[in-house]
Novice: 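I'd like to ask you about the structure that follows.
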Amino acid sequence: MKKLNIVLLLSAFMPYVYAQQNSISFVTWKDGNPTSVHAVNSLDSITFQKSDGTITLWNMAEGNDTLKTGVIDSMTIVTPQIMSTNRLSDDELKSLFLQTKVDNTSYKKLGNHNPLMGHKFGADPYGMEYNGRLYIYMTDDHMFDSNGNFIDGGYSDIRNISIISSEDLVNWTDHGAQHIAGSSGAAKWANNSWAPAAAYKNIDGKDRFFLYFADNGGGIGVVTSDTPYGPWKDPIGRALISKGTPNCGDVPWLFDPAVLIDDDGIAYLYFGGGTDGKDAADPGTARCVQLGEDMISIVGTPVQIRPPYLFEDSGINKVGGKYLYSYCSNWTSNSNPGVARIAYMKSDNPLGPFTYVGAFFDNPGGASWAGGGGNNHHAVVKFKDRYYMLYHTRVLKAAMRRSPEWSSIITDNAELRSTCMSELSVDENRSVFNYLSASAITEAGVEQIKTFDPYVKNEGETMAWCKDVSTSYTVGKYIVRVTTTAEIDKPGGWIGLSNVDFKNGANGFTARIKGKGVLRISTKKTPTSFLSTILAYVEIPETDNYTIVTVPLMKMPTGTVQLFFHFSDTCSFDWWSFF
């Protein structure tokens with residue numbers, strides 16, 4: 001019997017042996033064929049079959065795998081132990097957690113994918129794909145000013161740009177409301193930062209990111225970064241486009257930028273709007289201009305575009321070799337394109353001339369779930385070979401107004417908008433945007449295009465649904481970096497993630513966290529399932545500093561499930577991972 005040698009072999013490859021924690025497998029086996037094989041390098045391989053607790057060893061012979069028969073009588077394998085940071089037992093932690101009232105409802109309904117965020121507002125969305133993620137940049141609609149006073153649509157108080165990103169279009173990482181304008185912002189000369197647009201370009205062998213924004217209606221600014229989510233720097237110390245820019249002095253509103261980098265690497269900027277003192281049917285207040293190779297200067301004089309019934313909201317896409325300029329129509333009664341709809345024009349060249357085509361998106365306020373009408377702002381983005389319409393609604397505000405907590409605070413007139421997304425049908429062969437009606441957009445939203453990976457380091461501020469959660473954004477003082485953390489604002493706050501794929505199973509959990517109380521981890525088959533499976537209770541050490549917590553799981557999750565983190569008290573949740 002070669003028991004000693006075999007045990008040594010198993011020890012060498014112990015990381016490849018997975019089992020329920022704290023279990024002991026006793027193996028007796030001589031003949032028979034295993035149902036699966038897991039090769040380990042080019043040496044003898046090990047397969048652990050959870051269904052029957054059998055270990056099979058194979059010898060890699062000349063060109064063949066040969067079963068070792070009649071060699072092993074028996075062996076005992078003890079799985080590696082996970083050192084838990086919990087000081088209390090699972091039963092004690094469960095008892096402490098159950099003292100907290102947990103409300104599993106949320107303003108963004110479980111199972112729905114619109115709005116994209118349930119913990120904050122965000123308007124005037126613009127999308128940019130980078131390295132397999134969709135980044136969305138938004139005007140930072142918010143409820144309170146710097147003194148904590150409620151503001152009823154305080155456009156003049158908006159100086160931040162909110163950024164979120166996702167690989168699957170359902171679980172979104174919040175990169176924070178980033179300081180762009182004002183004394184705390186990158187562009188200190190600017191009073192406001194609205195309606196952003198973003199692009200990236202490889203310059204001198206390095207990807208550089210450019211964020212264009214509206215300084216109220218008085219000009220277009222630009223800030224730059226080494227990442228899609230900041231920190232941002234002001235490269236020119238002034239507006240890129242202003243009333244002093246040639247052919248821009250008579251544009252009422254120099255705002256709402258859109259940017260396109262063409263196939264040849266040349267970039268173009270589109271902006272403008274307003275009807276003040278103009279013919280509402282033909283205001284002629286849109287402009288486009290070539291950007292310099294550095295993306296922070298312009299080449300030549302901006303060119304006029306004349307969209308019928310223009311109001312605001314520039315958009316630009318290249319589809320099937322044609323340039324499609326899109327915009328929001330104004331509030332003057334008309335039949336084509338209609339009031340506050342998204343329409344588009346077409347050209348063979350990025351600077352025009354553009355020919356009017358027609359409307360292709362209703363005002364989303366016409367959808368029964370959207371929370372009422374208002375201004376219409378859009379962006380069309382292509383991601384993973386599909387086209388999507390980004391827009392904003394008042395759905396989150398409406399849901400909050402129905403709650404006792406906010407019904408007497410948030411008024412009907414408050415401009416608190418939420419970014420939503422719907423798939424858009426596009427005919428690339430004919431360079432046509434097909435019509436998307438208000439009745440076709442849904443609160444269910446777009447489908448999740450891939451499952452979520454729990455085995456990588458995931459940001460705590462990544463979520464599909466949540467309750468009583470906010471995010472905290474900071475920039476390192478001595479190290480140039482951005483940190484965003486999920487803040488659990490009330491006992492019982494929670495975060496939910498959609499379609500998390502545990503594959504063959506996880507054994508443990510680790511996270512970086514600061515605060516106090518107990519974290520309960522659970523899964524459900526569907527977002528609205530009544531029954532849940534408790535995976536672990538995690539003790540959160542009460543400290544002012546971040547702590548790494550690690551625990552074994554009480555039960556092994558497998559396959560694709562909905563994952564929930566419930567917190568018994570306030571805390572800061574930085575990152576997490578299963579293993």
Side-chain angles (χ1 to χ4, degrees), residues 126-127 195 197 199 212 214 220 241 245-264 266-275 278-291 298-330 332 334-362 376-382 387 389-391 424-436:
Y126 195 92
Y212 303 89
I220 306 297
I241 302 291
T245 302
N247 200 26
C248 293
D250 64 342
V251 176
W253 302 335
L254 288 173
F255 69 173
D256 289 4
V259 60
L260 170 74
I261 299 181
D262 211 343
D263 301 333
D264 57 7
I266 298 176
Y268 301 88
L269 187 69
Y270 303 75
F271 57 93
T275 59
K278 306 291 183 180
D279 178 4
D282 182 22
T285 54
R287 299 289 186 269
C288 58
V289 67
Q290 181 180 326
L291 289 168
I298 63 173
V299 177
T301 298
V303 177
Q304 183 185 48
I305 309 175
R306 299 180 67 176
Y309 291 94
L310 169 69
F311 188 56
E312 58 183 3
D313 180 26
S314 300
I316 188 69
N317 298 87
K318 189 174 184 181
V319 178
K322 304 292 185 180
Y323 300 87
L324 306 185
Y325 167 82
S326 49
Y327 65 98
C328 179
S329 62
N330 61 49
T332 304
N334 71 93
S335 59
N336 188 8
V339 174
R341 290 178 177 170
I342 304 300
Y344 74 111
M345 307 175 77
K346 185 184 297 187
S347 177
D348 293 326
N349 301 291
L351 295 177
F354 288 89
T355 301
Y356 179 71
V357 179
F360 71 104
F361 182 48
D362 277 343
N376 195 357
H377 197 110
H378 83 296
V380 175
V381 60
K382 188 177 183 180
Y387 285 90
M389 175 70 82
L390 301 174
Y391 54 97
L424 177 68
S425 173
V426 176
D427 186 337
E428 291 188 331
N429 293 327
R430 297 190 302 127
S431 303
V432 168
F433 291 143
N434 292 316
Y435 201 91
L436 181 62

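Because only heavy atoms are used, hydrogens play no part in the values below, and waters and symmetry mates are left out as well, while side chains stay in.
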Novice: Supply the atom-to-atom distance Y126 OH to S314 OG, rounded to the nearest 0.5 angstrom.
Specialist: 9.5 Å

Novice: Considering non-hydrogen atoms only, spot the tightest contact between I220 and L254 and give its length.
Specialist: CD1-O, 3.7 Å

Novice: For the residue pair Y325 and Y344, is the inter-centroid distance of their aromatic rings smaller than 6.0 Å?
Specialist: no

Novice: Would you find a donor on one side and an acceptor on the other, under 3.5 Å apart, between the side chain of S431 and the backbone of V319?
Specialist: yes

Novice: Could you pull out the closest heavy-atom pair between Q290 and L351, with the gap in Å?
Specialist: N-CD2, 4.1 Å

Novice: To the nearest 0.5 Å, what is the distance between OH (Y391) and SG (C328)?
Specialist: 15.0 Å

Novice: When rounded to the nearest 0.5 angstrom, what is the spacing between CD in E312 and CZ in F271?
Specialist: 15.5 Å

Novice: Taking all heavy atoms of T285 and all of V251, pick out the closest pair and write down the distance.
Specialist: O-CG1, 3.4 Å

Novice: Before you tell me yes or no, could you show the steps for V426 and V432 under side-chain contact (heavy atoms from CB on, under 4.5 Å), namely the whole-Å CA-CA distance, both residues' side-chain angles and the distance that decides it to 0.1 Å?
Specialist: CA-CA 6 Å; V426 176; V432 168; over 6 Å; no

Novice: Are V381 and M389 close enough, and set up right, to give a side-chain contact (heavy atoms from CB on, under 4.5 Å), and what steps lead you there?
Specialist: CA-CA 7 Å; V381 60; M389 175 70 82; over 6 Å; no

Novice: Side-chain contact, heavy-atom cut-off 4.5 Å: L424 with V380?
Specialist: yes

Novice: Looking at R287 and C248, would you say the former's side chain and the latter's main chain have a donor-acceptor pair under 3.5 Å?
Specialist: no

Novice: Atom CG in L291, atom CG in L260: separation rounded to 0.5 Å?
Specialist: 10.0 Å

Novice: Between L310 and G273, what is the shortest heavy-atom contact and its length?
Specialist: CD2-CA, 4.1 Å

Novice: Are D256 and Y270 close enough that a side-chain donor and a side-chain acceptor fall under 3.5 Å?
Specialist: no

Novice: One pair to check against side-chain contact (heavy atoms from CB on, under 4.5 Å): T332 and V339. What are the steps and the verdict?
Specialist: CA-CA 6 Å; T332 304; V339 174; over 6 Å; no

Novice: Check for a donor-acceptor pair, side chain of S425 on one end and backbone N or O of N434 on the other, with a separation under 3.5 Å.
Specialist: no

Novice: Can you check side-chain contact (heavy atoms from CB on, under 4.5 Å) on D262 and K318, steps first, answer last?
Specialist: CA-CA 8 Å; D262 211 343; K318 189 174 184 181; 2.8 Å; yes

Novice: Name the residue from Y327, Y387, F433 that meets the ring pair (Phe, Tyr, Trp, His ring centres under 6.0 Å) definition with F360.
Specialist: F433

Novice: Could you check D362 against Y435 for side-chain hydrogen bond (donor to acceptor under 3.5 Å, both in side chains), going step by step and ending with a plain yes or no?
Specialist: CA-CA 8 Å; D362 277 343; Y435 201 91; 2.3 Å; yes

Novice: Considering only heavy atoms from C-beta outward, does the side chain of C288 approach that of Y268 to under 4.5 Å?
Specialist: no

Novice: Starting at CZ of R341, measure out to CG of N334 and round the result to the nearest 0.5 Å.
Specialist: 8.5 Å

Novice: Write out all pairs satisfying side-chain hydrogen bond (donor to acceptor under 3.5 Å, both in side chains) with one or both partners inside residues 348-358, taking only residues at least two apart or from two chains.
Specialist: K322-D348, N336-Y356

Novice: List the steps and the verdict of salt bridge (charged side-chain N to carboxylate O under 4.0 Å, His left out) for K382 and E428.
Specialist: CA-CA 11 Å; K382 188 177 183 180; E428 291 188 331; 2.9 Å; yes

Novice: Kindly give the heavy-atom pair with the smallest separation between A197 and P257, and that separation in Å.
Specialist: CB-O, 3.4 Å

Novice: Taking salt bridge (Lys or Arg N to Asp or Glu O under 4.0 Å) as the definition, give me every residue that meets it alongside K346, ordered by chain and number, with sequence neighbours left out.
Specialist: none

Novice: Using 0.5 Å steps for rounding, measure from the CZ atom of F361 to the CG atom of N376.
Specialist: 6.0 Å

Novice: Test of understanding: with side chain to side chain donor-acceptor pair (under 3.5 Å), list the residues that count as partners of Y309, not counting sequence neighbours.
Specialist: none

Novice: Please name the pair of heavy atoms, one in V289 and one in G300, separated by the smallest distance, quoted to 0.1 Å.
Specialist: CG2-O, 4.0 Å

